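The structure presented is a predicted model; accordingly, all values stated were derived computationally and were not measured. Lettering of chains follows the sequences in order, A, B, ..., and the numbering in each one begins at 1.
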2 protein chains.
Amino acid sequence: MRSVPGSLISESGAEAVTPPSFLDDGKNTIASQLVSQLREAIISGQLEAGSKINLDRAKQSFNVSLSPLREALARLISDGLVEFEDNRGYRVSPVSLSNLEEITSLREEFETYALRESMRVGDVEWEGNIMRALHRLNRTERDASRPETLEQWEAVHREFHLTLISGCRKPLLLSFCKTMLNLNDRYRRTFLTRTSGDRNVSVEHSEIAQGTVARDMDYACDRLREHIHRTGTNLRKHLAEKGIA
Amino acid sequence: MRSVPGSLISESGAEAVTPPSFLDDGKNTIASQLVSQLREAIISGQLEAGSKINLDRAKQSFNVSLSPLREALARLISDGLVEFEDNRGYRVSPVSLSNLEEITSLREEFETYALRESMRVGDVEWEGNIMRALHRLNRTERDASRPETLEQWEAVHREFHLTLISGCRKPLLLSFCKTMLNLNDRYRRTFLTRTSGDRNVSVEHSEIAQGTVARDMDYACDRLREHIHRTGTNLRKHLAEKGIA
DNA sequence: TTGTCTTAAATCATCGATTATTTGTCAAGC
DNA sequence: GCTTGACAAATAATCGATGATTTAAGACAA
């Protein structure tokens with residue numbers, strides 16, 4: 001096993017509980033592991049938005065050679081997390097107000113559409129998954145003073161939103177939503193280090209979940225849209241504070 | 001310059017008019033050229049849907065070494081044209097009825113949304129681009145007996161649909177639409193070798209364009225949605241004929 | 001025949017070294 | 001002082017070879 005640089009890789013990530021070695025998670029190759037590591041490093045903000053990715057340095061940081069590194073970066077383009085230019089190499093996708101606004105808009109459109117579809121064709125197992133995800137989210141504390149709880153919360157929060165729309169039977173749509181959620185989470189994890197107390201987000205989540213399993217399409221979609229919109233507005237303020245256009 | 005295999009690469013693609021050598025098209029590296037070549041090979045059906053991509057053979061076909069080939073394939077994952085599995089390599093994304101149906105649905109949603117946004121914020125130049133694209137499309141003949149005209153038509157048709165929504169100022173949305181259009185075109189180029197005479201597609205395009213520049217949102221979006229839906233229905237029939245589930 | 005184990009071949013993944021391109025520096029000329 | 005061009009350093013891109021894994025084939029026993 002390669003050694004990983006402590007400064008770049010968090011061992012305590014939410015999904016990073018050491019997997020039972022008999023379970024094959026399908027991440028056998030260096031390139032695939034790098035995809036996960038780089039993705040986490042970018043979303044968490046460890047790799048600064050807009051910064052150039054120096055291949056030699058990254059190679060050394062991750063103790064890998066060029067081939068898997070380049071391949072991993074190429075795959076991350078699909079996630080919208082890195083950009084590439086011929087002979088100029090890779091860079092972390094920059095953040096901007098307009099980018100955040102687009103992400104918010106698209107989340108509103110895509111996720112409400114996916115939610116509606118899920119309510120149309122989702123089965124009982126899907127409903128159960130939602131209730132479980134909601135429960136886990138409610139039981140996960142978000143304490144700004146302890147970073148590891150923030151990471152944990154991000155993970156279950158992400159899982160909740162994905163579970164909501166996981167019944168829609170549209171794999172391409174789901175992958176788009178996942179991408180948008182990734183990009184959105186980067187903004188939250190980068191700019192929303194402390195919890196904002198003016199919202200009862202937990203209630204919002206419950207309303208969305210309840211409306212969804214009740215198959216009340218308009219109610220659930222409205223609540224979801226509001227929820228996404230509020231998050232966007234909230235983040236926008238924090239971007240403005242840090243002077244990001 | 002590397003030699004390219006005639007059997008796999010079409011020199012006469014619509015956008016492939018030999019570029020003036022002083023103009024830098026940003027496709028300087030082997031990897032980037034491979035992306036274009038492979039994309040075209042897949043969309044055109046030269047690389048069979050679902051088939052495994054043998055790296056050794058591909059390497060020889062394209063006269064390249066492994067590194068740029070792997071990198072190009074990794075980038076193509078974002079386009080939904082290629083799938084990957086650790087230690088099992090790359091394969092051309094398979095086609096299926098459900099995949100086609102999802103693509104059609106998503107095109108309806110995404111493109112009408114993008115069209116509405118474009119009508120909301122698009123400028124005069126955008127309007128002009130639409131009229132030009134429409135004109136070029138109308139002037140391009142689609143003769144089933146001459147394959148090169150089919151390719152030419154595909155190119156201007158694609159250009160028309162992208163121009164329609166190019167005014168929306170949402171780059172992420174545009175890239176998703178591009179991806180869906182790619183996937184859709186693969187179905188048409190693979191399964192719709194002869195023109196179906198029962199539709200006057202040209203009129204449909206004109207209606208969409210006219211409604212758009214008139215900023216008649218509901219009319220334009222309805223026409224576009226119908227257009228996409230009909231295309232989907234049409235393709236579905238052809239898939240059924242060939243016994244594809 | 002069927003199933004399973006072993007081994008060989010094919011194929012994928014990775015590495016270290018080499019080549020090509022870009023970027024930075026500095027001096028000559030205007 | 002400013003531009004231009006040559007050179008050097010840094011960085012990206014590619015290659016050929018090696019290592020790891022999967023797949024295919026054959027031998028053998030139930």
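The salt bridge (charged side-chain N to carboxylate O under 4.0 Å, His left out) search around A/Glu71 returns A/Arg75, B/Arg70, not counting sequence neighbours. Considering only residues two or more places apart in sequence or on other chains, A/Thr149 meets the side-chain hydrogen bond (donor to acceptor under 3.5 Å, both in side chains) condition with none of them. Residues satisfying the salt bridge (charged side-chain N to carboxylate O under 4.0 Å, His left out) criterion with B/Glu109, sequence neighbours excluded, are B/Arg225. Listed by chain and residue number, nothing satisfies the side-chain hydrogen bond (donor to acceptor under 3.5 Å, both in side chains) test with A/Ser51 (two or more places apart in sequence, or in another chain). Under the side-chain hydrogen bond (donor to acceptor under 3.5 Å, both in side chains) criterion, A/Arg88 pairs with no residue at all, not counting sequence neighbours. Here B/Tyr113 pairs with nothing under the ring-ring contact (aromatic ring centres under 6.0 Å, His included) rule; sequence neighbours left out. Looking at residues two or more places apart in sequence or on another chain, you find a salt bridge (charged side-chain N to carboxylate O under 4.0 Å, His left out) between B/Glu117 and B/Arg120, B/Lys170.
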Can you tabulate the close N/O pairs, meaning under 3.5 Å, that link protein atoms to atoms of nucleotides 5-9 of chain C?
none

Give me, pair by pair, the N or O atoms of the protein and of nucleotides 10-14 of chain D that are less than 3.5 Å apart, along with how far apart they are.
| from | atom 1 | to | atom 2 | distance (Å) |
| --- | --- | --- | --- | --- |
| D/dT11 | OP1 | A/Asn54 | ND2 | 3.4 |
| D/dT11 | O5' | A/Asn54 | ND2 | 3.4 |
| D/dA12 | OP1 | A/Lys52 | NZ | 2.6 |
| D/dA12 | OP2 | A/Leu55 | N | 3.1 |
| D/dA13 | OP1 | A/Asn87 | N | 2.8 |
| D/dA13 | OP2 | A/Arg70 | NH1 | 2.5 |
| D/dA13 | OP2 | A/Arg70 | NH2 | 2.5 |
| D/dT14 | OP1 | B/Ile30 | N | 2.3 |

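A donor-acceptor contact closer than 3.5 angstrom links the side chains of A/Arg188 and A/His157.
Going from atom CG of B/Leu73 over to atom C1' of C/dA13 covers 14 Å, rounded to whole Å. Rounding to whole angstrom units, CD of residue A/Gln33 and C1' of C/dT14 are separated by 13 Å. Atom CD of A/Gln60 and atom P of C/dC15 are 14 Å apart (whole Å).
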